[in-house]
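Index from 1, following the sequence. Note that this is a predicted model, so its numbers are computed, not measured.
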Amino acid sequence: MLLVARAQAQVPIAIDPPPKADVAMKMVYGGNTWRDERAAAFFGGRAPTLRAEVREVFRARYVEADVDKLMLVYQLTPGPRAQFQCHACIPALGAAVLAADAQGHWRLRARGLLLMPGSPFSGDEDLQMVQLADDRWLLRSRVYDVAGGVEDRQERLVLERDGELQLAAELGFESKPGPGACGSGAAPQASAVNVLSPGAGPRIEIVLRFNEGDCPSPRAVVQRTRMELRDGRFHLLPEPEVDTDEPAGRP
């Protein structure tokens, strides 16, 4: 009898297919629109009756601490997304994590209904899952904007904690002249996130490569910022190292 029980315990649970976009959206926002004062405030303090349109822009399945999970990311716009596409049109980003329960059914595990600004023009988001440790993943959101050859870049890292998704790190640069502004006298600009050895807690390095000074030959700078995860946020380790020669790490 004991052997039979053990054999049954080893049979893997059949997990349901992940819910389709419209079903998942109902689990997270209650539907494809969301009316909330936070959305109204994000879009310029409009009336609380504003209904933000919700659109899924990213999903990724992963396993964390032996639990199957699904990361979902949403763009929110004040009305139809097709009518919210200009350089100053910045959507909001929200996200959620679904997890498979003991019966293999998908349940809402965590969410952040409005986390941060999205891509200019309401364009495609640059999103990926990054494995931080053996049993820990994070969502990486990278924003790139350029106007007249002057570039902005931001690296944002989002973590699940206590039933919520929260912004755990944000670092970047603004208004730095790239080759589009200065020609061949300016070095390419970039950003990267590298996962380091865990140490006392999971550690990352955010690498920023940008130009300082005026055209035609601004000075190329590489800034490396190392951080350690504590209490749901990344905290600085030593002061950033600055040099003018090393590459910016993995893109």
Closest heavy-atom pair and its distance - [X], [Y]:
X      : Y     : answer
Val28  : Ala96 : CG2-CB, 3.6 Å
Trp34  : Leu76 : CE3-CD2, 3.3 Å
Leu50  : Arg35 : O-CG, 3.3 Å
Leu72  : Ala24 : CD1-CB, 3.7 Å
Glu125 : Pro91 : OE2-CG, 4.2 Å

Would you compute the distance between atom [atom1] of [X] and atom [atom2] of [Y] and round it to the nearest 0.5 angstrom?
X      : Y      : atom1 : atom2 : result
Leu132 : Ile204 : CG    : CD1   : 7.5 Å
Leu165 : Leu138 : CG    : CG    : 11.0 Å
Leu93  : Leu114 : CG    : CG    : 8.5 Å
Gln85  : Thr77  : CD    : OG1   : 9.0 Å

Only one of Arg156, Arg142, Arg140, Arg153 passes salt bridge (charged side-chain N to carboxylate O under 4.0 Å, His left out) with Asp126; say which it is. Arg142
Between [X] and [Y] (salt bridge meaning N to carboxylate O under 4.0 Å), is one present in this structure?
X      : Y      : value
Lys20  : Asp22  : no
Glu212 : Lys176 : yes
Glu164 : Arg161 : no

Any chance you could lay out the side-chain hydrogen bond (donor to acceptor under 3.5 Å, both in side chains) test for Ser191 and Glu155, step after step, and finish with the verdict? CA-CA 7 Å; Ser191 63; Glu155 293 280 359; 2.7 Å; yes
Is there side-chain contact between Tyr144 and Glu151, with heavy atoms separated by less than 4.5 Å? yes
With the side chain counted from C-beta on, respond yes when Lys69 and Arg109 share a heavy-atom pair under 4.5 Å apart, and no when they do not. yes
Asp124 atom CG: more than 12 heavy-atom contacts under 6.0 Å: no
For Gln131, does the CD atom have more than 12 heavy-atom neighbours from other residues, nucleotides or ligands under 6.0 Å away? yes
Output yes when a side-chain donor or acceptor of Asp68 lies under 3.5 Å from a complementary backbone atom of Val63, and no otherwise. no
Checking Gln166 side chain against Gly232 main chain: does a donor-acceptor pair fall under 3.5 Å? yes
Relative to each other, are the rings of Phe173 and Phe210 parallel, tilted or perpendicular (30° and 60° limits)? tilted
